[in-house]
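Let me begin by presenting the structure, written as structure tokens, before commenting on it.
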Amino acid sequence: MQRLRGIIVAVLLGSGAALAAPTGPAAAAPTSEPKLERLSARAEPAQVATRSARWTKARIDKAIETAKPIRYSPALPTTQKRTKDFTAPARTIAPPAAAPRSATTAALPAPATHGRMYAITADDSVLGWCSASVINSGQRNLIMTAAHCLHSGEGGDWAFVDAFFVPQLYGDSQPYGVFWASSWTIWSPWSDDSDDDYDYGFVNLYANDRGNVADVVGANGLRVNNGYDNTVVVWGYPADDGYPGDVPYYCDKVTTYDGSWWDSYVYVGCILTGGASGGPWLEDYNYSNSLGYVIGLTSRAGVDFDYSLSPYFDDDVADLYHEVD
């Protein structure tokens, strides 16, 4: 895997085809899926009312400078657990949408729809951050990230009580300001069992003084049931193994693949380390406006292995999207 660093943003070139998928028995029929219940939380009114007093520009800048990525590094599954229906037809849930207003304040070749989400704990300190991306929705206020960035999983609770999103963060540059979270939502298999098939979630955001996030920076589309063989651009803010964390990196035109007969993960030959969790995998990427269709996101980033993993986006992703929009 070749790693290249550009002047403004780094590009990682890789190919899923270059990484041979492990061999094993033919995939068995999927087992029954777990019962789904929506799990949501909201920012408390008292916190919302005092945000501007507690979180000054200087304090936000300091948090961005010093916070560390949220960590998630469990062992890879070793037993067969394929529960997804891979025969369901591909569907477009939402198209990409360019920002109605011209984005003239930033000139980076990184998508304005991609950024970092910061999680704030009950003692008003920053737990850490993850990558996230804006998804087109009727309310124009939605981002998507990994569930492990929102909830600690089996036996745990929500990882934070408040959060904010910084689109197109680059170093100390925040060209569109910050957007505070209003609510966040996951499926119960993640909170109950840390089920990796459900390591995704949505966060609804309050508007900032420029407007709703999708009206300010644009929004990616969303597709489900896309199968395994797709060409994508993978974005993230990796922070380990020599990566700086505050610079967006991407793997360009990499091919996803089915890398294991015992799990439902989508694999891609892209080495983005811790901090890239929640970053989007974009199909049909438009290099003119930096928008595409999110068909996956980074659940586990390659540190000790030469690939990254995403949950398989099926109709459950669409159902959760419709729950929050």
Side-chain angles (χ1 to χ4, degrees), residues 27-42 70-88 90-91 93 117 119 127 130-133 135 137 142-160 163 181 183-204 222-228 256 258-267 276-281 294-301 308-325:
T31 58
S32 59
E33 292 196 39
K35 180 181 178 182
L36 298 182
E37 294 181 359
R38 186 182 73 173
L39 189 68
S40 295
R42 300 189 64 86
I70 295 173
R71 303 293 181 183
Y72 176 62
S73 56
L76 288 170
T78 57
T79 58
Q80 184 173 352
K81 192 181 75 65
R82 297 203 109 173
T83 62
K84 296 301 179 181
D85 178 9
F86 305 112
T87 65
R91 293 196 293 144
I93 307 305
M117 187 203 76
L127 168 70
C130 277
S131 300
S133 63
I135 303 292
S137 68
L142 196 64
I143 61 173
M144 190 175 194
T145 189
H148 71 258
C149 301
L150 307 177
H151 192 284
S152 56
E154 182 179 6
D157 204 343
W158 294 110
F160 58 89
S183 61
W184 38 96
T185 305
I186 59 173
W187 280 130
S188 56
W190 175 260
S191 59
D192 294 345
D193 301 309
S194 297
D195 189 333
D196 291 317
D197 286 342
Y198 297 89
D199 190 12
Y200 56 82
F202 292 99
V203 179
N204 295 87
L222 179 65
R223 284 176 175 162
V224 299
N225 302 324
N226 246 45
Y228 282 95
T256 63
D258 185 358
S260 165
W261 61 271
W262 62 80
D263 62 48
S264 301
Y265 272 127
V266 183
Y267 287 60
S277 288
W281 297 18
V294 177
I295 64 168
L297 57 76
T298 299
S299 171
R300 303 190 190 196
S308 294
L309 303 174
S310 169
Y312 185 85
F313 275 26
D314 64 356
D315 288 328
D316 293 340
V317 173
D319 290 345
L320 191 62
Y321 167 87
H322 290 303
E323 288 274 350
V324 300
D325 184 27

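Here the structure is a predicted model, which is why all the values come from computation and not from measurement. For this chain, numbers begin at 1 and follow the sequence in order.
Two rings, from W281 and F313, have their centers 6.0 Å or more apart.
At distances below 3.5 Å, at least one donor-acceptor pair connects side-chain atoms of D195 with backbone N or O atoms of D197. A distance-only check finds no donor-acceptor pair linking the side chain of S133 to the backbone of G279 [under 3.5 Å]. A side-chain donor-acceptor contact under 3.5 Å links S310 to the backbone of L297. Under the 3.5 Å distance criterion, the side-chain polar atoms of T145 are matched with a main-chain donor or acceptor of S131. Looking at W190, its side chain does come within 3.5 Å of a backbone N or O of H151 through a donor-acceptor pair.
Nearest heavy-atom pair, S152 versus S194, reported as atom, atom and distance to 0.1 Å: O-OG, 4.4 Å. When every heavy atom of L320 is checked against every heavy atom of G201, the shortest pair comes out as CD2-CA, 4.5 Å. Between V317 and F202, the closest heavy-atom pair is O-CE1, 4.0 Å. For R91 against N225, the heavy-atom pair with the smallest separation is NE-ND2, 4.4 Å. Contact detail for D325 and S137: the closest heavy-atom pair is OD1-CB, 3.3 Å. A pairwise comparison of heavy atoms in S191 and I186 identifies CB-CD1, 4.0 Å as the closest pair.
From L222, atom CG reaches atom OH of Y321 across 7.0 Å, with rounding to the nearest 0.5 Å. The OH atom of Y200 sits 4.5 Å away from the CG atom of D316 when rounded to the nearest 0.5 Å. The structure places CZ of R71 at 10.0 Å from SG of C130, a figure rounded to the nearest 0.5 Å. Rounding to the nearest 0.5 Å gives a distance of 4.5 Å between CD1 of I295 and CG of N226. Distance check: W184 CH2 to F160 CZ gives 5.0 Å after rounding to the nearest 0.5 Å. Taken from CG in L150 to CE in M117, the straight-line distance is 5.0 Å, to the nearest 0.5 Å.
Between D319 and L36 the shortest side-chain heavy-atom distance does not fall below 4.5 Å. For the pair D314 and V224, the minimum side-chain heavy-atom distance is 4.5 Å or more. The shortest distance between side-chain heavy atoms of P311 and D196 does not fall below 4.5 Å.
Ring geometry for Y267 against Y265 counts as perpendicular: the plane angle is over 60°, on a 0 to 90° scale with 30° as the lower cut. By the 30° and 60° cut-offs, the orientation of the rings of Y312 relative to Y228 is tilted.
Salt bridge annotation for D199-R300: absent, with no cationic side-chain nitrogen under 4.0 angstrom from a carboxylate oxygen.
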Derivation of the side chain to side chain contact (heavy atoms under 4.5 Å, CB included) call for S183 and S40: CA-CA 7 Å; S183 61; S40 295; 5.8 Å; no
W187/E37 under side chain to side chain contact (heavy atoms under 4.5 Å, CB included): CA gap, chis, key distance, verdict: CA-CA 6 Å; W187 280 130; E37 294 181 359; 5.7 Å; no
Side chain to side chain contact (heavy atoms under 4.5 Å, CB included) assessment of T185 paired with E323: CA-CA 9 Å; T185 305; E323 288 274 350; 5.6 Å; no
Steps toward side chain to side chain contact (heavy atoms under 4.5 Å, CB included) verdict (I135, V294): CA-CA 8 Å; I135 303 292; V294 177; 3.6 Å; yes
